[in-house]
Amino acid sequence: MSGLARALLQGGRLSAGQIETLTRQATTEGNPFIDVLLVSGAIDAKSLAAFCAETFGYPLLDFASFNLGQLPGKIIDSKLMMSQRVIALGKRGNRVSVAISDPTNLQALDQIKFQTEMQVEPVIVEHTALLQLIEKFGQSAEQTLRDLSGDDLDIDFGAEEVIAQAETLEIDDAPVVKFLQKILTDAINMGASDLHFEPFEKFYRIRFRVDGVLKEMAQPPLAIKEKLASRIKVISKLDISEKRVPQDGRMKLVMSKTKAIDFRVSTLPTLFGEKIVMRILDATQAQMGIEALGYDADQKATLMEAIERPYGMVLVTGPTGSGKTVSLYTCLNILNKPGINISTAEDPAEINLPGVNQVNVNDRAGLTFPVALKAFLRQDPDIIMVGEIRDLETADIAIKAAQTGHMVFSTLHTNDAPATLTRLMNMGVAPFNIASSVILITAQRLARRLCTCKEVTSIPDEALLQAGFREDELDGSWQPYKPVGCDRCTGSGYKGRVGIYQIMPISEEIEKIILAHGSALDIEAQAQRDGVRSLRQSGLIKVKQGLTSLEEVVGCTNE
C-alpha cells in the first residue's frame, strides 16, 4: 500500500475495499497509484490536492494564480522532473520550493535534495495541472541535444581536432559534439576543476567538481554514452577502439585568440562503460602570483627566502586536490628568468610554463622519475622540479642534486610538514642526508571561501576553544561568519577557495632531532617552539579574517 493510499484510508476518504482494488490495479498496470486513483473517479484532483495539503501540512498552490513565466530553470534536471513529476517553483538561500501532487513520494524529494544539495520545501498542486505543466515546459534530454545542434557556440577545438572530427564523426553525431562543447564551456564558466562522465546501468550522469565538491549537472540519455566517450577520446588523441584498459590523454580548448584551456583526460573501464574524468588545467592559475594563494605575510616571507636560496630542497605536501601543483608552479614562475635553467619531471605535466623544460614521465617507455633526474643533472640545471617523490631511488637522486648546488622542488603525500621528514626516513633516506638538504617544508589544504552573502554568526566560546582558539583571542575584536547562499554561489554559501598553509623551515634544532632519529611528534613540538603554526592554527586565522567558516576549517584540518 502506497503512502497516499494509507493516508486516504486513515482519513476516511476511501474504504479499505476501494484502496485494495485501486492498489491491485496500479500494480497490474504498472502505473502510479495517484494516476489510477484519479482515473477511477473515486476522488477528483482538486479535492485530492486539498486533502494532501491539510493532511500533511504543506501549502496549497493554484497554478491559475501563479505566473508560470517566473519558473526558474535548471534547478532540477529535466529527466528527474519528468520521471518523478515535480517542478521547481523557486529557491531562496539553500532552500528550493517544489511543486508536487503526491507528498508521500519521498523518493522524489530525496532525489531532489541529493541533486540540488538544498533543503526541499514541498508545495501541493493539483495532479492534472502539474502533468499539463510538465508536458508543456519539460523537455526530454534527447530534445535538449537536438536543440543544441543549432546553438551558435563561439568556441573552437583548434585545427588538429577539427580535422579529426571531420574524419571520424558522422553527421548524426553533430548534436553530441555541440553538447560536449556546451558542457566544457559551462564547466569553465563555473570554475570547475574536474568533470566526471559516469555510465551506470540505467542512467548516465555528468558531474562537476566546484570548490572541491562534486555536483550533478546533467543526465543525458544513456544511448549517447558511446558517442560521447568516442568524441572525447578522439580529441584527446586516445585509442577509440581500446575500451578494456585505462588511458590518459590531453586536449586543448581554444576559447579565444588569447585564451586556451588544457584538459587532462583519464578513461577507466567500468561495469557499464567507460568512466571519463577531465581535469581542467588553467595556466593562468600559475601566473596569479603568490599573493593570490592565501599565504599570510610572515609565511610568504619565509617561503620566498627559501626558494631564492642557491641550493637545497623545498617540499610541498598535502592530499590530492590540495593545490600542491599550483603552489609549485607559482614558485617556478617567480624563479623563471632568462638566466635560470629550470627542468621538471612530471606525471604528467599539467600546466605549460614557457621557458621551463618540462618532461612527461613514461614508465612503460622506461622514462621514470630516476631516469629523468639523472638526465637533468647532465643538462646543466639550476632548478629541478620532481612531480612526486614516490620511492627511495627518486628521493636519493633528488637529495644528491640538492646537495650538489641545485635547488630542488618536489611533493609528497603526507598529512603535515613534520610527518614529511619521518616519511623520508621510513623510505630509507639517511637522516644526515635529510638534515643537510631539506631547507623548508610546506603543508597545505584548500578551504572553501565564504561568498559575499555571508552573515555574522554566534558561536559559543566553548566550541571556539575546542576548535583551537586561545582564551585571549576571544576578546570580541572579531566575529565569525557563516555561509548563507545566493544566486552568485548557487545556494552553497561558498565561492572559490583559499589556501591554508603550514610553513616549516628546517632549523638547527630540528636538524638535531632528525639526526637523532626523532619522531614526527618531536619535530612538531620543536616547530611549535620555533613559531611554526599548525594547519589548524593557520585556518583559524582565516576564520578571524572572515575568509571562511569555522566548520570548513575544522573539516579540512586535523588537530
Side-chain angles (χ1 to χ4, degrees), residues 157-161 164 193-195 232-240 242 245-254 260-268 274 276-287 313-316 318 320-333 335-336 340-398 401 406-413:
F157 280 96
E160 292 183 8
E161 286 76 12
S193 61
D194 300 88
L195 295 82
I232 294 172
K233 289 164 77 172
V234 164
I235 58 181
S236 304
K237 299 180 177 63
L238 299 178
D239 184 355
I240 62 172
E242 182 56 78
V245 296
Q247 296 187 68
D248 293 302
R250 292 176 71 95
M251 58 169 282
K252 177 175 287 189
L253 188 63
V254 180
I261 304 294
D262 286 314
F263 292 80
R264 189 180 74 197
V265 181
S266 173
T267 70
L268 179 70
E274 286 183 289
I276 298 177
V277 176
M278 305 176 71
R279 165 69 58 89
I280 298 178
L281 310 172
D282 190 352
T284 57
Q285 289 183 323
Q287 300 166 356
M313 179 182 282
V314 172
L315 296 173
V316 180
T320 301
S322 60
K324 300 188 297 296
T325 301
V326 171
S327 294
L328 279 177
Y329 280 166
T330 301
C331 292
L332 291 179
N333 207 44
L335 300 171
N336 188 12
I340 302 293
N341 180 20
I342 304 176
S343 296
T344 73
E346 305 167 71
D347 185 20
E350 295 193 358
I351 297 174
N352 179 29
L353 287 179
V356 176
N357 305 290
Q358 296 174 274
V359 174
N360 271 338
V361 169
N362 188 338
D363 289 337
R364 279 188 285 183
L367 181 56
T368 61
F369 278 121
V371 170
L373 276 174
K374 288 176 182 177
F376 287 167
L377 295 176
R378 296 190 291 271
Q379 293 275 320
D380 185 30
D382 296 301
I383 297 171
I384 295 172
M385 196 269 271
V386 187
E388 182 184 350
I389 293 179
R390 299 175 179 172
D391 50 48
L392 177 59
E393 187 179 6
T394 307
D396 273 338
I397 300 172
H406 308 93
M407 174 57 71
V408 179
F409 294 92
S410 189
T411 70
L412 269 87
H413 289 277

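Owing to the predicted nature of the structure, the values given are computational and were not obtained by experimental measurement. When reading the values below, keep in mind they use all heavy atoms of this one structure, side chains included, and skip hydrogens, waters and symmetry mates.
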Return the [atom1] to [atom2] distance between [X] and [Y], rounded to the nearest 0.5 Å.
{"X": "Leu281", "Y": "Thr325", "atom1": "CG", "atom2": "OG1", "answer": "9.0 Å"}
{"X": "Ile340", "Y": "Leu332", "atom1": "CD1", "atom2": "CG", "answer": "11.5 Å"}
{"X": "Ile397", "Y": "Phe376", "atom1": "CD1", "atom2": "CZ", "answer": "11.5 Å"}

Side-chain donor or acceptor of [X] paired with backbone N/O of [Y] under 3.5 Å:
{"X": "Thr267", "Y": "Gln247", "value": "yes"}
{"X": "Arg279", "Y": "Ser266", "value": "no"}
{"X": "Ser410", "Y": "Val386", "value": "yes"}
{"X": "Gln358", "Y": "Glu346", "value": "no"}

Tell me the closest heavy-atom pair linking [X] and [Y], and the distance in Å.
{"X": "Ile389", "Y": "Ala395", "answer": "CG2-CB, 3.6 Å"}
{"X": "Lys233", "Y": "Glu242", "answer": "NZ-O, 3.0 Å"}
{"X": "Thr411", "Y": "Gly387", "answer": "OG1-O, 2.6 Å"}
{"X": "Asp262", "Y": "Lys252", "answer": "OD1-CE, 3.2 Å"}
{"X": "Leu373", "Y": "Ala398", "answer": "CD1-N, 4.1 Å"}
{"X": "Thr368", "Y": "Val361", "answer": "CA-CG1, 3.9 Å"}

Heavy-atom side-chain proximity of [X] to [Y] below 4.5 angstrom:
{"X": "Lys324", "Y": "Glu388", "result": "no"}
{"X": "Leu253", "Y": "Ile235", "result": "no"}
{"X": "Thr394", "Y": "Pro370", "result": "yes"}
{"X": "Phe369", "Y": "Glu393", "result": "no"}

Seminar exercise, completed: Exactly one of Leu195, Leu238, Leu268, Ile232 clears side chain to side chain contact (heavy atoms under 4.5 Å, CB included) with Ile276, and that residue is Ile232
Exercise. So among Asp380, Asp382, Asn357, which one has a side-chain hydrogen bond (donor to acceptor under 3.5 Å, both in side chains) with Asn341?
Worked result: Asn357
For this session: Could you walk me through whether Leu335 and Phe409 pass side-chain contact (heavy atoms from CB on, under 4.5 Å), step by step?
Result: CA-CA 12 Å; Leu335 300 171; Phe409 294 92; 3.7 Å; yes
For this session: Tell me, with the steps shown, if Arg264 and Asp248 meet side-chain contact (heavy atoms from CB on, under 4.5 Å).
Result: CA-CA 7 Å; Arg264 189 180 74 197; Asp248 293 302; over 6 Å; no
For this session: Using the test side-chain hydrogen bond (donor to acceptor under 3.5 Å, both in side chains), find all partners of Asn360 that sit at least two apart in sequence or belong to another chain.
Result: none
Exercise. Going by atom types only, do Thr330 and Asn333 share a side-chain donor-acceptor pair under 3.5 Å?
Worked result: no
Exercise. Going through the distances and angles, do Met385 and Ile342 end up as a side-chain contact (heavy atoms from CB on, under 4.5 Å)?
Worked result: CA-CA 8 Å; Met385 196 269 271; Ile342 304 176; 5.7 Å; no
For this session: Give the C-alpha distance, both sets of side-chain angles, the deciding distance and a yes or no for side-chain contact (heavy atoms from CB on, under 4.5 Å) between Ile383 and Val356.
Result: CA-CA 10 Å; Ile383 297 171; Val356 176; over 6 Å; no
